[in-house]
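Residue numbers run from 1 in the order of the sequence given.
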Amino acid sequence: MDTSPRTLRLLQTSDLHTNIFPWDYFTGTPDAQRGLAKVATLVRKARAENPDCNLLIDTGDTIQGTPLGTYYSLVDNTPQHPMALAMNELRYDAMALGNHEFNYGLGVLNKFKSEVGFPLLGANVRKTADGSEAFTPYLIKEVCGVKVGLLGLVTPGVTTWERPENIPGLSFADPLETARTYVPKLRQEGADVVVVAIHSGPDKQPTGSATDPASWLADYADSTKWADRGNLPGENEAVQIAQQVDGIDVLLTGHTHQPIPKMLLKNTQGHEVLLIQPNRWGSHLGQVDLSLVHRDGHWTVDGKDSRLVAVDASVAEDTQVVQLTQRHHETTQAYVNARIGSTRAAFPGGHAARYGDSALADLINKVQEEAAAAEGQPVDFSLAAIFTDTAALPAGDVTLRDAYSVYVYDNTLYVMEINGSILRRALEVNAQFFNPWNASSPPDASNPDLARQPNARLYNWDIYSGIEYGFDLTKPTGSRLTHLRFKGQDVTDVQLFRIAINNYRAGGGGGFSMFREGRILWTSADGVRDYIARYIAAHPDLEPSSVNTCNFTLSPDLYKYYYEATLGPAKCSSP
């Protein structure tokens, strides 16, 4: 037996979200910094450097995210899934389930599971009938004489975000407690190296510097260096698992869509556990190198390092992956380029639509309100976010791609009953999206990003219809709401409302835990994105000014400050 020292290389992808090609289906333009076809080139190179001692692992959110995923799950689920074709070509060793694997129901997921040549791991996904394992919990694989134990875990937020009919008979246990159960099992079964592949990330991020690789090595115990991400309970427990569960060498993480080249976390025995995350959409390949020595009859990790290898214009697409999935890509392009409707004028997006009461936000809310009413579930008001800076509708012909660009996530629609107290608290959290405004020293008027908090997510700024409200950004967070009225009357804490809201926010996602106090009255079978497409198709020649209703204000008027000089005055201006 050869017991000479060796290096085990772990290669990781995560949150691919059906991005195979370096292409943005929502804008119809190339994107040189994404795609499994490019990551494949990096995988082959990394393997060639260490050919006999490597593993390739994905940590979930793989079969959903782009119109390619939508098409081959909902429109035509007969062919082998293009992600299965690409991943089989790359000979993945395992994949941890992500929360978005469940978006299309167990039929689509199980079909994908049958099409891939590797296990889908999810130790904390259990059968509600008897508590038994619903998926393969772990894998022990021998590579270059080393037994590597891979434990798969998924964020338990699935039960909050997912429609019940998509996860029948399933429960999602706490990942931390599950790891405490299974890591000792892996060691007892002879694993020399234990790797946790988890679709869950850190629950905090570096204050103001989450894109700086060095910042992720800061001491996690120092609260001055870390900001909370607004998690559901147990949603992101990767750090706690590293710190509290002995016997883990590496955590391959996902879910939080962050480029984390390396975190080093000490467990209760004082040993360093390495954590890595390769961002999203195939923008990076994660690479972990473990130095192994043979000691006392088994292999031991003697050193560890990790890095992210970025996908950029210099990285070529892998010809085999392209050849296998080109027709799927072309079919998806034809699907999203089909004309579905028209507008009389453009519905602008980005911060121009976010920093004021815009036609685009009102359109999403109108769609949600009418969709709920059509199902016999009329609402008092609606709330929605503009998820990306590319979300917009052009003047003239509108394609399915344009409609999808307005709502890039597969969220579904809920009708909930909430009270005025929940609403008021939600609005105050909403206003935390913005930085405090100093009138004597305002930010650079050429950089609209400076108005929002550095770590604020675009999907965490909701714009409401049907209520009259405003924010004063010169006030401290928690006391920015200037007024809140419904049909001209001040809202009281006990007043009840029926609202249209997406499933993510209804479950408290983004730090809006108060919505969990509300009562769910109805959930849609269709995605909000599809409701938008149908509305556009049913309403030719949409007119922005007729959709746009003025019901909220910001002080100062951010649209006026940043955009009026270049884009002209808005219909809804703040005083």
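- Between Y464 and F381, the ring planes lie tilted relative to each other; the angle falls in the 30° to 60° range.
- In summary, the side chains of Q277 and S14 do not present any donor paired with an acceptor at a separation below 3.5 Å, with no hydrogens or angles considered.
- A salt bridge links D24 with R34; the closest basic N to acidic carboxylate O contact falls under 4.0 Å.
- A parallel orientation is assigned to the rings of W461 and F433, their planes being inclined by less than 30° (bins at 30° and 60°).
- N435 has its side chain within reach of P454: a pair of non-hydrogen atoms, C-beta onward, lies under 4.5 Å apart.
- Between atom OG1 of residue T256 and atom CG of residue N236 there is a gap of 6.0 Å, rounded to the nearest 0.5 Å.
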Problem - Verdict with reasoning, N103 to E162, per side-chain contact (heavy atoms from CB on, under 4.5 Å) - result: CA-CA 7 Å; N103 279 172; E162 201 50 72; 2.6 Å; yes

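- You'll find the side chain of V528 reaches within 4.5 Å of the side chain of Q368, heavy atoms only.
- Under the 3.5 Å distance criterion, with hydrogens and angles disregarded, a donor-acceptor pair is assigned to the side chains of R505 and N460.
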Exercise for the section: Might you work through the side-chain contact (heavy atoms from CB on, under 4.5 Å) test for T29 and W23, ending with a clear yes or no? Expected result: CA-CA 6 Å; T29 57; W23 186 263; 5.6 Å; no

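- Residues meeting the side-chain contact (heavy atoms from CB on, under 4.5 Å) test with A310, sequence neighbours left out: H284.
- In this structure a side-chain-to-backbone donor-acceptor pair under 3.5 Å is present from R498 to P378.
- Judged as a side-chain contact (heavy atoms from CB on, under 4.5 Å), and not counting sequence neighbours, the contacts of T159 are I167, F172.
- Under the rule for a side chain to side chain donor-acceptor pair (under 3.5 Å), E428 has no partner lying at least two apart in sequence or in another chain.
- Sorted by first and then second residue, the salt bridge (Lys or Arg N to Asp or Glu O under 4.0 Å) pairs with a member in residues 337-363 read R339-D397, R354-D389; sequence neighbours excluded.
- Between the side chains of H17 and Y409, no donor N or O sits under 3.5 Å from an acceptor N or O.
- The residue from L473, L554, L427 that alone fulfils the side-chain contact (heavy atoms from CB on, under 4.5 Å) condition with R480 is L473.
- Partners of V43 under the side-chain contact (heavy atoms from CB on, under 4.5 Å) rule, at least two apart in sequence or in another chain, are L11, V39, R47, L56, L285.
- There is no side-chain donor-acceptor pair under 3.5 Å between T66 and N19.
- Checked against a 6.0 Å centroid threshold, the rings of Y355 and F434 count as neighbours.
- For the 3.5 Å distance criterion, the side chains of Y92 and T13 qualify, holding a donor opposite an acceptor.
- Side chains of H351 and D449: a donor-acceptor N/O pair is present below 3.5 angstrom, by distance only.
- In this model, a donor atom of one side chain and an acceptor atom of the other lie less than 3.5 Å apart for D541 and S342.
- Residue pairs meeting the salt bridge (Lys or Arg N to Asp or Glu O under 4.0 Å) criterion with at least one member in residues 63-73: none, sequence neighbours excluded.
- Rounding to the nearest 0.5 Å places OH of Y335 at 11.5 Å from OG1 of T399.
- Below 30°, between 30° and 60°, or above 60°: for F471 and Y469 the angle between ring planes is above 60°, a perpendicular geometry.
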